[in-house]
Amino acid sequence: MASISKIPSSAKDEDLEEEIEHFDDFTLASSWERFISEIEAVCRQWLADGTKNLLKNGAISVNIYEDLYKVKTDLKYAMKSYCMEYYFGTHNDVGRGKGNDWSCALHDLQLSFGVNEFLVIAPQSASGVVLDGPEASKLLSAVAIALSNCSCLWPAFVPVHVPSRKAYIGIQNMGTLYTRRFEADRIGSQVPLKLMHLEGLYELFVSKFAFSNMDLSMHLFQVNLKMNLTYRTVPYDEDFDVQEPEGGITEAGGSPKSKHHNRKPWDDDCPWSEWYSAEDPVKGFELLTIWSEKAIESSLEMAELENASPLEAEKWSISPCVSEILSADSDGKRIGFASQLQLLIDALHMSLETQFVEDFVSVEHSRPENLKSTAIIPPPTVLDRVLKDLFYEVEAAQPDFAEGDHKNSRTIKGAPLESLFGQFCLHALWVGDCNIRAIAAFWIEFVREVRWCWEESQPLPRMPANGVIDLTTCLINQKLHMLAICMDRKHQFNQKGPKADENGVFLSARIKADTEVQSVISSQDGDAQASCWECDSLSTPDQDPASHISSFEHSGAVKLGDPEHSACIRRGSAGVVGSMMLLKSYQNMHAPFTRVDLPDSPLMTEDMHEERLQAIEALGDSSRFSAQLEKDILSSDMSAFKAANPDAVFEDFIRWHSPRDWENDDNMEKGVSQINAVVESTYDWPPRGKLSERMSEHGNLWRKIWNEAPPLPASEQKPLLDPNQEGEKVLHYLETLRPYQLLEQMVSTAFRATADTLNKTSFGGLKQMTTRIEQLYLTMSTTLRCLQTNSLFVDAEDIKDLKRLCTTFAHVENLITLAASLHRKFMQAPRLSESIFNDYDNFHVPKLGTVSIGRDVKKVFNNEQEVRQGEREVIASMFTPPTANQSWRKVLSMGNLLNGHEPVSREIIFTKRDHLCENYYVGHAPRGYQQEFETYRMYVCGTSNDLGVALAVTSCD
């Protein structure tokens, strides 16, 4: 029974096993196979898309030259997440022996293994590397199978060990017979002494294919070698004997004009050094010396190469080590004009909070709630020092505002650089932290100092006391110019006796009848100022006043006519007008000295012109109102003419002042009467003619003014411009100026003055820099127009535009600083200076004012410029022999010294090529197939402190 029961039990177990085996389907893929399938699908998709479609679908640029991109995808296997990235370039010549083995645009794996496009698969972990050896091998095998299934020849890499070692393993299917394997690792410290020299590195490479225990140095193994040595100059700001303090503001609220350095800063002769000390943007240079490919057969040749001079290298290229402070990512770190202009715009925004400047500094008024508590007022000692520089430490000569200004500077409605208000704005940028309270306190003291000059009759510094008021400048500058002229006029009127004004014209001349008097005319510009201007609305003459004034007898004695007809005293005569005679007496006509302070000459500020236009619009009849405004001028000219010609009548004045309104009786046309009036014959007396129709009509305004005008020379007339009244008006304007009106003019002036200061920089013949400066002026002119509307409001959009202008200004300021630094360092090689600058400018232009999209790398400028043979000595001179303080730190352990400097980095590529029939791993080759393969490649990079080695071996599987 027992056996009977046992048999069915055994049969039952067999049936159960058969049942279980029946449901096992080995055609189902395992998780590892599904992982391979996912990799294969992704690779097929990338192959099908191609480079153009991948770029359109959001490929990310991974280098600064934007010729290497990557796409990535996420994968999962065995509860782990991986990221697979495909790197591809727009140029498929990387690592193909086309002279770009050392290009700085190469990825580390491209440089190490000489590949072009490749895959990298890595775990999504904190380290980003595979720490387990079997896992790395399995992961690499999965990628290799997937690539083989889709007939793809991309090399694949897996990062291993720890990130600091930059270690990789990789594989590449070369076709049906060959496979290429990769391995890279790095020694971070304690590099063996033998591997510090070229001889030891050569033997390391030979040991990879020479299967022998013999002494490698005693045998010949021909390999090919390429070498790139990098030298770096000592940083220009590095000095172990002298400690140079950082530039900037040394005292709270003070202007950084005094520098107590033990040595001169690099920018001591630059125009901005008066205001701040800029960091040298060029910290040094890296020199790359490249040896082209050559055959090496022994260790002795490597020893000789190590002792060779870098001057023997086939190619030199240089790249600057540019300070990071110039990059757009360092906003706010660099102290310069742009940073202070940014603070000034913040003050402009704050100026709308109150109506009076005093409210920002007064303790009796509540301050704006959003005013920072850190906005302090500079101490009186600081303000006194700045005011002393503005008003007292000034050269006596009148400033030439046009000197050194850019041609587009006048398009900005601000004060000139060397003007009083222009210098005030430059100082205001550095007083305190350029907050609204510091500016308000500075302005109040400034106006007090201006009033003191007025009350003490002291000339206003940095402002011309004559000339034309430039209406293209800001209103404050116009007012200060008007005040300077009023000061000068006030000083002249207070003096006794005849005095020539600043234009060189004497305001009085007394000539008695029946005497001979020397006529005196003094003019700085050579044109006689004795003529006066006609009022367009009254006379509308088209003749040139100088056409008959030029015929004055400047040096001849003037004889008066019959004393019985001329018993009056002639006063204010500037000389005889050609041969013209008076109508009622046989006497020569004399031209009078007229007033030079005419409103039509620019002794009116912009607001005065606007008031005049508003009055014209209010009256409606602009021509009639214009005549009324010119009545005082015409009356002054008539009084002066009567004083110079006591026997003159109204017709004589018309013949002199408006010849077109005098019609001769001759048979000539009226158009030539003007000439006849000047060249009249002394024998044809009295002159024949009549007044024009408009001057003859009843109630003519000119005749009425003539009848009322007293005979007074210009020197004795009441001045048309009252200097006391106009001066007080100017001071009242300055003392009651609203904060916003002050700040909007300060912003425009500060931008113009700082740009004019930077424009004085000497940077050689950098045409691209000149273009950038011109573009900056045009941008400033356009953006600052929002501050010229005379409104008491600025919207948020205008503030944003002004801040964007600061960003543009900062970029140009950085370029100017870089241009000046390069110009000083390449005085003997200007081509290199221009090439480096142009590359840097073109490098940063795409970033200026734009947002980076689709980039996975921080752009750092490191463009290289090839050094020509004639420029090598200039570059070599930059590597000055190290001093004792600089050389004690290093023990020279590498060769190829350049003026005592060893290379900071040495890169070598060893290669060995074999024909297919001579391959060590293949017994025979296809008939007639003699293609040469790079069977071994070793890339070495390092110094005496670290060493990285990357090995690629091609074999037959």
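Predicted model only: the values in this text are computed from it and were never measured.
Between the side chains of Asp801 and Thr783, not a single donor N or O lies within less than 3.5 Å of an accepting N or O. Side chains of Tyr733 and Gln741: a donor-acceptor N/O pair is absent below 3.5 angstrom, by distance only. Judged by distance alone, the side chains of Ser323 and Glu279 do bring a donor and an acceptor atom under 3.5 Å apart. Between the side chains of Gln423 and Asp389, not a single donor N or O lies within less than 3.5 Å of an accepting N or O. A donor atom on one side chain and an acceptor atom on the other are found under 3.5 Å apart for Arg772 and Gln775.
Side chains of Phe809 and Thr779 form no contact here, defined as non-hydrogen atoms less than 4.5 Å apart. Contact check for Cys806 versus Phe337: no side-chain heavy atoms found under the 4.5 Å cut-off. Residues Ser351 and Ile436 form a side-chain contact, since some pair of their non-hydrogen atoms from C-beta on lies under 4.5 Å apart. Counting heavy atoms from C-beta outward, Phe763 and Ile773 have side chains that approach closer than 4.5 Å. Put simply, the side chain of Ile469 does not reach to within 4.5 Å of the side chain of Met604, judged on heavy atoms. Two residues are said to be in side-chain contact when any heavy atoms from C-beta on lie closer than 4.5 Å; Leu390 and Phe442 meet this criterion. Taking the side chain as every heavy atom from C-beta outward, His349 and Lys803 never approach each other to under 4.5 Å. When side chains are defined from C-beta on, Trp272 does not count as touching Thr754, because their heavy atoms never get closer than 4.5 Å.
Evaluation of the ring pair (Phe, Tyr, Trp, His ring centres under 6.0 Å) test over residues 451-490, restricted to residues two or more places apart or in two chains, returns none.
Checking side-chain atoms of Arg437 against main-chain N and O of Phe360 turns up a donor-acceptor pair under 3.5 Å. A donor-acceptor pair under 3.5 Å is formed between the side chain of Lys413 and the backbone N or O of Thr473. Asp841 contributes no side-chain N or O that, together with a main-chain N or O of Phe837, makes up a donor-acceptor pair within less than 3.5 Å. When atom types are taken as modelled, the side chain of Ser339 and the backbone of Gly336 share a donor-acceptor pair closer than 3.5 angstrom.
Between Phe424 and Phe421, the ring centre distance stays below 6.0 Å.
Atom CZ of Arg752 sits about 7.0 Å away from atom CZ of Arg410, to the nearest 0.5 Å.
The existence of a salt bridge linking Glu728 and Arg451 is confirmed by a sub-4.0 Å separation between a basic side-chain nitrogen and an acidic carboxylate oxygen. Glu418 and Lys760 are joined by a salt bridge, as a carboxylate oxygen and a charged side-chain nitrogen come within less than 4.0 angstrom of each other. Between Glu445 and Arg385, no side-chain nitrogen of the basic residue sits less than 4.0 Å from a carboxylate oxygen of the acidic one, so the salt-bridge criterion is not met. Contact check on Lys479 versus Asp607 returns a salt bridge, with a Lys/Arg side-chain nitrogen under 4.0 Å from an Asp/Glu carboxylate oxygen. The pair Glu774-Lys407 counts as a salt bridge, with a side-chain nitrogen and a carboxylate oxygen less than 4.0 angstrom apart. Between Arg824 and Asp269 there is a salt bridge, since at least one side-chain N of the basic residue sits less than 4.0 Å from a carboxylate O of the acidic one.
Checked against Tyr777 for a side-chain hydrogen bond (donor to acceptor under 3.5 Å, both in side chains), the options Asn759, Asp756, Thr411, Thr782 give a single hit: Asp756.
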(Q) Under the criterion side-chain contact (heavy atoms from CB on, under 4.5 Å), I'd like the reasoning laid out for Leu429 against Leu341: C-alpha separation, chi angles, the key distance, then a yes or no. (A) CA-CA 7 Å; Leu429 294 176; Leu341 289 172; 4.2 Å; yes
